[in-house]
Each structure stands twice: as structure tokens, then as C-alpha cells.
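Letters A, B, ... are given to chains in the order of the sequence lines, protein chains preceding strands, and every chain is numbered from 1.
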There are 2 protein chains.
Amino acid sequence: MRRNTAQRQTVHRAVALLDHPSAEAVYRQVKEMDPQIGLATVYRNINILAEEGQIQRLIVPGQAERYDADARDHYHYLCDTCGRIYDVKMPYRPELNEEFAPGVGQNIRTHTILFQGVCKECRQKEDEDGSDSTL
Amino acid sequence: MRRNTAQRQTVHRAVALLDHPSAEAVYRQVKEMDPQIGLATVYRNINILAEEGQIQRLIVPGQAERYDADARDHYHYLCDTCGRIYDVKMPYRPELNEEFAPGVGQNIRTHTILFQGVCKECRQKEDEDGSDSTL
DNA sequence: ATGACTGCAAAGGGTTTGCATTGAA
DNA sequence: TTCAATGCAAACCCTTTGCAGTCAT
């Protein structure tokens with residue numbers, strides 16, 4: 001029987017409070033809410049919450065795993081420059097699963113899409129840096 | 001100036017020979033072709049080949065990175081049970097990039113799709129195990 | 001002769017695990 | 001009372017790095 005401890009609730013709230021945080025970021029947030037809490041507890045609870053489908057685990061190239069308090073299926077965008085993750089408004093397309101399943105006779109439970117590029121904010125910074133460049 | 005060493009060629013051939021191998025698997029294969037080679041050399045060359053676009057790096061949940069000698073854009077399917085990665089025949093859809101870009105004003109360089117489920121082979125094994133179950 | 005590359009071993013980042021203890025049911 | 005959960009430290013896995021030596025150009 002699972003125990004729904006104060007720590008677990010705190011971890012869940014911390015994930016919801018932050019924007020696609022890493023475990024480390026969750027830990028920092030959680031520490032402010034409950035300085036007693038340990039890193040292992042954060043990891044353990046993140047894993048339990050993900051397993052229960054209450055949060056979503058995102059894996060991104062070259063970085064620690066990130067978490068998303070919005071557990072509904074949706075797509076993500078990763079900025080190649082700042083590493084930030086954005087939610088993509090494009091609606092989830094369950095039909096993509098059927099579209100490829102028949103051919104291979106495979107069973108598809110889900111799919112994820114990760115878009116990548118340089119986000120608006122980073123491109124603006126680049127522009128500024130460009131015009132400011134008075135070598 | 002890059003040197004295109006024997007080791008680099010061996011690593012490239014090993015990746016091509018195997019089916020979405022991990023670095024560890026590449027290392028084992030490479031060892032058979034050239035027992036002298038070191039693990040760090042495999043990692044360094046994998047990174048160089050990926051950087052040059054000659055192979056593709058795949059990241060999958062809960063596993064080491066995998067590599068694909070087919071560097072062309074295509075989608076992948078990960079079996080939740082055996083962890084094997086399959087190429088998906090569904091053609092790449094560059095239009096997905098435009099489809100979401102206008103709304104957010106984001107710049108999209110590329111996207112990846114990872115399908116997940118239990119592969120045909122694993123489902124057959126499950127069936128066999130099921131019918132054999134004579135508790 | 002140069003400097004990119006190598007092999008080795010050690011270090012690094014991120015995550016999990018063992019253990020004695022605590023606390024929710 | 002019980003056993004899931006905690007906090008801590010150590011262990012773990014995967015990957016990168018420092019270094020002295022090597023080899024292609």
C-alpha cells in the first residue's frame with residue numbers, strides 16, 4: 001500500500017511549480033519548502049509519480065531528464081541554445097500510431113515528438129549581440 | 001585537420017554492422033576487428049561521426065544512447081519489453097515543422113518521433129509463455 | 001615537426017541502492 | 001504493529017577528460 005507522504009506531495013507540487021525542471025531543480029525547489037528532504041527522496045518520488053502517471057518524464061539529448069507536471073500527451077520543443085523545453089500547442093495525434101502500426105504489425109502504446117531549433121528568445125539575443133558587436 | 005584514422009573507420013563500420021547499437025555494443029564489435037582499440041577511442045569517434053552527420057545518435061528512455069548508421073531523417077520504434085529499436089517505415093514529415101512553427105514564432109531545425117509499445121516478437125513470446133503456464 | 005589521435009586510467013554527472021530509522025496506515 | 005518511505009552515503013552506470021605517447025600529414 002502506497003503512503004502518499006508529505007514529501008511526495010511536496011515533490012509533486014515542486015514539479016508543478018517549475019517549468020520542465022530537472023531532478024536537481026526539483027530538489028532545489030523542494031528544499032525551500034522542506035529543508036529536511038533528501039535528494040534520494042526526490043528521485044524516488046519523481047519515479048513513483050512518473051510510474052503512476054501523475055507526472056511525465058522527458059528525455060532530452062545531452063541533459064539530465066526533465067519532468068512535466070502536465071501528464072497529458074503533448075509534444076515538446078527543445079531549444080538547442082539555452083536547453084529550455086517548451087510545450088508545443090500542436091494537438092496530439094493518436095492517428096500517427098495507427099498510421100504506421102498496420103505495416104509492421106507492431107503494437108503502439110504511444111509516441112513522443114521532440115522538436116528542436118533555436119527559440120525566439122535566443123534568436124533575439126543573437127541579433128542583439130550581432131548589432132552590438134563593435135569589435 | 002581531421003585525420004580519418006583506421007580506428008575511426010572501424011568504429012563507423014561497426015555501427016553499420018550492428019542494429020542501433022549502444023556504445024558498449026560498438027566497442028565489443030570493434031574489439032573483434034581491432035583488439036587494440038580503447039573504449040575512449042570508440043566514444044570519441046562516435047561523437048565525431050555524429051557531429052559530422054555520418055551517424056545518428058538516438059536517445060531512449062532508461063538506456064544508454066544508441067547509434068544508427070543510417071543518418072537520414074527517419075523515425076524509430078522502441079520496444080518497451082526488450083528495449084530493441086526498430087526503424088519506422090513511415091516517411092519523414094518535414095511539414096510537421098512548419099505546422100507548429102508559425103503559432104509560436106519558433107525556429108524548427110528538425111524533429112524526432114519515438115514510437116513505443118511491445119514489439120511483435122515480444123508479444124509472441126508472451127503468448128507462448130501464457131499458453132505454457134501450467135501453474 | 002606538428003598537432004590530431006590514441007590507449008589508459010581517473011574523474012565526472014546523473015541516478016540508484018543499502019541500511020538503519022521513521023512514521024502513516 | 002507493520003512495512004512503505006525517509007535521509008544519508010556509498011555505489012552505480014555511462015560518458016568524458018587528462019596525460020604521455022604515437023602517427024599521419
Next on the checklist: Show, in sequence, the C-alpha distance, side-chain angles and deciding distance for B:Glu51 and B:Arg2, and conclude whether the salt bridge (Lys or Arg N to Asp or Glu O under 4.0 Å) test is met.
Outcome noted: CA-CA 12 Å; B:Glu51 193 183 302; B:Arg2 206 135 260 180; 3.8 Å; yes
Atom pair distance, as rounded to whole Å: [atom1] in [X] and [atom2] in [N]:
X: A:Gln7; N: C:dA24; atom1: CD; atom2: C1'; answer: 11 Å
X: A:Ile59; N: C:dT15; atom1: CD1; atom2: C1'; answer: 14 Å
X: A:Ile48; N: C:dT16; atom1: CD1; atom2: C1'; answer: 13 Å
X: B:Asn47; N: C:dA4; atom1: CG; atom2: P; answer: 17 Å

Item to check | Contact nearer the 5' end of DNA chain C, comparing A:Tyr67 with B:Met1 | outcome: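 The residue closer to the strand's 5' end, by nearest nucleotide, is B:Met1.
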Heavy atoms under 4.0 Å, any strand shown: does [X] hit a base, just sugar-phosphate, or nothing?
X: B:Ala40; result: base
X: A:Thr5; result: sugar-phosphate
X: A:Asn4; result: nothing
X: B:Asn45; result: sugar-phosphate

Item to check | Under 3.5 Å donor-acceptor pair, A:Arg44 side-chain atoms to C:dG18 base atoms | outcome: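 For A:Arg44, whose side chain was compared with the base of C:dG18, there is a donor-acceptor pair (under 3.5 Å).
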Checklist entry - A:Tyr92 and A:His111: aromatic ring centres closer than 6.0 Å? => result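 A:Tyr92 vs A:His111: aromatic centres under 6.0 Å.
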Next on the checklist: Just checking B:Tyr77 against B:Tyr86, ring centres under 6.0 Å apart?
Outcome noted: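 Centroid distance B:Tyr77-B:Tyr86: below 6.0 Å, so yes.
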Under a 3.5 Å cutoff, is there a donor and acceptor pairing between the side chains of [X] and [Y]?
X: B:Asn45; Y: B:His12; value: no
X: B:Arg57; Y: B:Asn47; value: yes
X: B:Tyr67; Y: B:Glu65; value: yes

Next on the checklist: Side-chain N or O of A:Gln63 versus OP1/OP2 of C:dG14: is the shortest distance under 4.0 Å?
Outcome noted: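 For C:dG14, OP1/OP2 do not have a side-chain N/O of A:Gln63 under 4.0 Å.
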Next on the checklist: Contact list please: residues 16-39 of chain B against DNA chain C, heavy atoms, distance less than 4.0 Å, in numerical order.
Outcome noted: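 B:Gln36, B:Ile37, B:Gly38 - these, ordered by number, are the residues of the stretch whose heavy atoms sit under 4.0 Å from the strand.
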Item to check | Range on DNA chain D touched by chain A, heavy atoms, distance below 4.0 Å | outcome: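 Taking any atom under 4.0 Å from a heavy atom of chain A, the span is D:dC3 to D:dA9.
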Item to check | Side-chain donor or acceptor of B:Arg66 paired with backbone N/O of B:Val60 under 3.5 Å | outcome: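 No, because the side chain of B:Arg66 does not come within donor-acceptor range (under 3.5 Å) of the backbone of B:Val60.
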Checklist entry - Mind checking whether B:Tyr75 and B:Thr112 have side chains closer than 4.5 Å, heavy atoms only? => result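 Contact flag for B:Tyr75/B:Thr112 side chains = no.
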Item to check | Contact check, side chains of A:Val26 and A:Val11, non-hydrogen atoms, under 4.5 Å | outcome: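 A:Val26 vs A:Val11: side chains touch.
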